Every structure is written in structure tokens, then in C-alpha cells.
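The structure presented is a predicted model; accordingly, all values stated were derived computationally and were not measured.
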Amino acid sequence: MTTTLSGTANDRPKPARSPWKALVGGSIGNLVEWYDWFVYSSFAVYFASAFFPKGNDTAQLLNTMGIFAVGFFMRPVGGWLLGRLGDRKGRKAALTATVTLMSVSALLIAIAPTYGQVGYFGAAVLLVARLLQGLSVGGEYAASATYLTEASAPGKRGFSSSFQYVSMTAGQLCGLGLQIILQRTMSADTLHSWGWRIPFIVGALGAAVVFYLRRNLLETEVFEEEETEGTANEGGAAAKASERGTLRGLLVHKREFALVIALTMGGTVAYYTYTTYLTKYLSNTAGMSKNDATLVSFCALTIFMLLQPLAGALSDRIGRRPLLITFGIGSMLGTVPIMSALQDVSGFLPALLLMLAGLVIITGYTSINAVVKAELFPTHVRALGVALPYAIANAMFGGTAEYVALWFKKAGAESGYYWYVSACAAVSLIVYFTMRETRNAALSRAEQAPPEPSEAAEPSEGKRLSRA
């Protein structure tokens, strides 16, 4: 019997696809990735003095955050390499590669020698580790966003993809939670001496576990359809297959490329301001103890995490643009008063409420930005299309956010940073007003609504792959 793509020889039972299993499988790896990424920032106040000469605390943090920013500049490289891998070899292959790189980088930081032991060589090891983390996270964002979007149930892409930031925040909460435990079980001297290494060891072990879990994920049907079409057809399909995951194929969509950079600009600055930087801001500027500042962040981020699926589900009903516009307006007008009030905050509850105000505003961006980007590109360049422009925007604005904030502080003009965040949000707001709605963009045949029983025998006119 001749074997064809639709013949009985290929009619083997396929593993059942569960949107929830895909959601959990994609998210758990993202959790470990971002735990390792954020733990660097949350523990920087303890290990900054280990890699640089003693002196001004702000100067030590500037050096450490400078290396933090360098990691962001590797994200475009990681976005290109791993985005290409995801479009050519599959989303699963990219997800596995990213967590491997993250495991190695966490281990390097855990065993890095200090300045007192080997001078600046320890800082060099720290730098290499951050470069590897930059490569990993540059690909992880796109691989996770693409996988969660493509594997979601029809009509629930906003809800499903919101779990990317649920897992990102959960990763940060794990880091903060471990920090709280260590703060309460270890002395400050012990934490500054060697206790800060513990979270990186935990991260390396967690990444090894996730590597095993991700190897058992199923590839998305959207990617498999793309492969099937490329195999079954000649000519145009073959030409398109040669452009899968390539810059040439991506640059056909120049407008979408620029759109991702612009819509990310305001969101990424605001996100890193209210998550990673704010803990240090409460400690260095508001004068709160490190323990109290960490606890404020932990409580606020827990609520923020729970808001993501609610906002994602809302976008499935009313569209993506209303949420983005709400974020843009709120961040543009609200950042200066919120940050100014936080500067003089004196208690736990006021600090918590103010931080929550900022996090509620940026939920309009975080809950749906992944799905919006994935919906802008066709399947054959979707992972690269999400990865590269997003990574460029993060390198330019997200990765430098803390460094810019500390620079303003050192210059004695800390309020200038608040206006900087507002200005970035204003630029993105213009994009939100002018971009097209992406909620109803079709990604695959599997997303088409099944025919009614009375229409089961009739051909479906709506089944087709989206090219948008």
C-alpha cells in the first residue's frame, strides 16, 4: 500500500493534546528561567560587594547592574539564534535549549570566586554567566510565548498566554520567598559572605528538572501543520520553507517588526521599574529595611500574578487594544505621582498599596503582550518575529532601566527617572492607538470553530491557515 500524508499508514493514534498540560508544561520551564534571571537582581544587594572593591554602596550596585544590563544586550542574539531554532526545528526544541543554557549560567554564578579571592576574575565569571542568561532568556520569551499561544484552546489565547507572566512572576516570587527565608534564618554577614549563592544552586537544580519535563512536551499543531504543508507542496510552499526562521523571511514583515519594538518600549521600562528595581528603591531611597522592602514586593507581586489570567481572559472578550491603551494612559500619567509618593513612604501598608497601584496599571501590558506579538506574525517566522524585536527593545529599555534609575540617583536628580518612564509609556501609547486589533487573527486550522451537527456533511469554507 502506498503511504501518503492522508493514507492509513499514517493513521496511528496520536497522544491526546491537553491545553492545560501544554499550559503547565510551557509555564513551569518559564518559571525557572525567570527565577534565575530575577534572582540576580533581587540578591544583588548582597553579592555586589563580593565582586567589586569596597566603597560606596550605590557605586557597587551600579557595577553589578551594569553587568545585569549587559545580559540584556545578549538577548537579541539569543532571540535570533533560538527564534530561528524554534521556527525551523520546533517550539519544543527551542524550549529545551533555553533551559539548558539557564542551568549552566546559574551554576556559574553559584560557584564564581569573589574579588577577595581572585580580584576581578570573579566579576568576569559573573559577566560570562549573565551573557549566557541573556542568550537563554532572549529565546525563552519567544519560545514560551509562541508555544503557549499556539497550544491554547480557540478563543482563549489571551487567557492561556497570560500564564507567561504568571510563571515569570511566580519565578520572581520564588526568588523573593527564598530571600525572605534566608533573611530570617541567616545573619546579614552570612548572606553577604556566602548565603547569596544558595538561590543560584537552587536555580541550577530546578532547570535540570525542567529540562526533563520539557523533553516530554508535544509539539504544537500549528507548527506541525506548517511542516506538513512544506512537505506536501512544491513551489511557493518550498520557497517559504527555505525562509523559515530567517531574517530574510522576517524582514518581509518590517512593519510588524517595528511595531513590536515600539509597543514593548513603555511596557518593559514600567515592568522592570515596578518589579526588579522597586525593592532596591524602597531600601535605598525610601529608607525601608531590606527585609520590609522584600516583603512588600512579595505581597504586591503575588496579587499581580493573580491578576494576569483575569486580564488575559478579559482581552479574549473585548480585545487586546483596550488593555494596552489603559496601560499606556495609566503609566504615562501615574508613574510620577506613584514614584514620588513612594519616595517618602513610611510604612508597610502605604508602600504595598502604592506598589500595587503601579502593578495594576502595567497588568494591561503584561497580561497580553506575548499573545499580541505572536498574533502579528505568520507561523514560519513567528518565534523569530516575537523574539528578535522584543529582545532589541528589552536591551535598549528594559535592561538599562535599573542602571538609568541608579544613574539619576547618583546624579542627585532621581525624579528625572520617573519622567523617563512616563515618556517611554507615551511613545508606546501612540502605537496602541494606531495598531490593528489582533484578537481574531487565525493561527491554524485547529482554531476554526467545529461545524454544527446539521452542517457536518457540508464543506467548511472557513478552514484555512492565517498568513497574518
Side-chain angles (χ1 to χ4, degrees), residues 26 30 75-95 97-98 135 137-152 157-158 160-161 164 219-227 229-230 237 239-265 267-268 320 324 365 368-398 428 431-432 435-444 447 465-468:
N30 202 36
R75 288 176 68 163
V77 180
W80 170 58
L81 291 174
L82 296 168
R84 177 181 174 86
L85 177 67
D87 284 328
R88 297 186 74 85
K89 301 298 182 181
R91 318 313 188 196
K92 176 181 171 180
L95 286 169
T98 59
L135 284 174
V137 176
E140 170 65 23
Y141 177 87
S144 177
T146 305
Y147 187 86
L148 288 173
T149 300
E150 292 181 349
S152 64
R157 292 199 302 249
S160 297
S161 65
Q164 183 177 50
E219 187 55 81
T220 68
E221 287 184 308
V222 177
F223 181 80
E224 289 180 343
E225 285 177 3
E226 187 76 11
E227 281 201 314
E229 180 180 328
K240 188 188 70 175
S242 69
E243 295 183 352
R244 280 168 54 182
T246 65
L247 290 175
R248 181 178 61 182
L250 176 60
L251 291 179
V252 172
H253 308 276
K254 296 183 182 69
R255 183 178 182 278
E256 288 77 11
F257 187 99
L259 191 63
V260 170
I261 292 178
L263 70 88
T264 301
M265 176 183 176
T268 190
R320 322 298 189 206
L324 290 172
Y365 167 80
I368 59 169
N369 82 94
V371 69
V372 169
K373 293 160 189 170
E375 289 168 340
L376 285 171
F377 294 96
T379 303
H380 68 286
V381 290
R382 182 168 295 130
L384 182 60
V386 174
L388 187 55
Y390 171 80
I392 290 173
N394 264 273
M396 294 171 62
F397 303 104
S428 290
V431 176
Y432 303 150
M435 67 182 289
R436 65 182 173 87
E437 178 58 62
T438 62
R439 176 183 52 161
N440 296 320
L443 302 182
S444 71
E447 287 191 357
L465 283 175
S466 170
R467 295 294 171 227

Enquirer: Begin with the C-alpha distance, continue with both residues' side-chain angles, and end with the deciding distance and a verdict on side chain to side chain contact (heavy atoms under 4.5 Å, CB included) for Val260 and Ile392.
Expert: CA-CA 10 Å; Val260 170; Ile392 290 173; over 6 Å; no
Enquirer: Excluding sequence neighbours, so at least two apart, what forms ring-ring contact (aromatic ring centres under 6.0 Å, His included) with Tyr390?
Expert: Tyr141
Enquirer: Which residue is it: Asp87, Thr246, Leu81? I am looking for the one with a side-chain contact (heavy atoms from CB on, under 4.5 Å) to Leu384.
Expert: Asp87
Enquirer: Is Ser152 reaching over with its side chain to a backbone N or O of Thr149, donor-acceptor style, under 3.5 angstrom?
Expert: yes
Enquirer: With a 4.5 Å heavy-atom cut-off, do Tyr365 and Val372 have their side chains touching?
Expert: no
Enquirer: Is the closest side-chain donor-acceptor distance between Lys373 and Thr264 under 3.5 Å?
Expert: yes
Enquirer: Which residues pass the salt bridge (charged side-chain N to carboxylate O under 4.0 Å, His left out) test with Arg84, not counting sequence neighbours?
Expert: none
Enquirer: Does any N or O in the side chain of Lys254 come within less than 3.5 Å of the main-chain N or O of Leu251, such that one atom is a donor and the other an acceptor?
Expert: yes
Enquirer: Locate the shortest heavy-atom distance separating Pro389 from Phe257; write the atom from each residue and the value.
Expert: CB-O, 3.4 Å
Enquirer: Measure the shortest side-chain to side-chain distance between Leu259 and Leu376 over non-hydrogen atoms and say whether it is less than 4.5 angstrom.
Expert: yes
Enquirer: Hey, does the side chain of Thr98 reach the backbone of Leu95 with a donor-acceptor pair shorter than 3.5 angstrom?
Expert: yes
Enquirer: Are the charged groups of Arg91 and Glu150 less than 4.0 angstrom apart, N to O?
Expert: yes
Enquirer: With side chains defined as the heavy atoms from C-beta onward, is the minimum distance between Leu263 and Leu324 less than 4.5 Å?
Expert: no
Enquirer: Hey, does the side chain of Arg382 reach the backbone of Ala374 with a donor-acceptor pair shorter than 3.5 angstrom?
Expert: yes
Enquirer: With side-chain hydrogen bond (donor to acceptor under 3.5 Å, both in side chains) as the test, pick out the partner of Glu375 among Arg439, Arg436, Arg157.
Expert: Arg157
Enquirer: Find the distance between OH (Tyr147) and OG (Ser161) and round it off to the nearest 0.5 Å.
Expert: 14.5 Å
Enquirer: What heavy-atom pair brings Ala143 and Ala94 nearest, and what distance separates the two atoms?
Expert: CB-CB, 3.9 Å
Enquirer: Please determine which of Glu256, His253, Arg248 meets the side-chain contact (heavy atoms from CB on, under 4.5 Å) test together with Val381.
Expert: His253
Enquirer: For the pair Val137 and Arg75, evaluate side chain to side chain contact (heavy atoms under 4.5 Å, CB included) and give the outcome as yes or no after the intermediate values.
Expert: CA-CA 6 Å; Val137 176; Arg75 288 176 68 163; 3.7 Å; yes
Enquirer: Under a 3.5 Å distance rule, please check whether Glu221 uses its side chain to pair with a backbone N or O of Ala151 as donor and acceptor.
Expert: no
Enquirer: Work out which heavy atom in Gly138 is nearest to a heavy atom in Ala387; give both atom names and the distance.
Expert: O-CB, 3.9 Å
Enquirer: Quick one: are Thr268 and Asn369 in side-chain contact, heavy atoms under 4.5 Å?
Expert: no
Enquirer: Under the ring-ring contact (aromatic ring centres under 6.0 Å, His included) rule, collect the residues that match up with Phe223, sequence neighbours excluded.
Expert: none
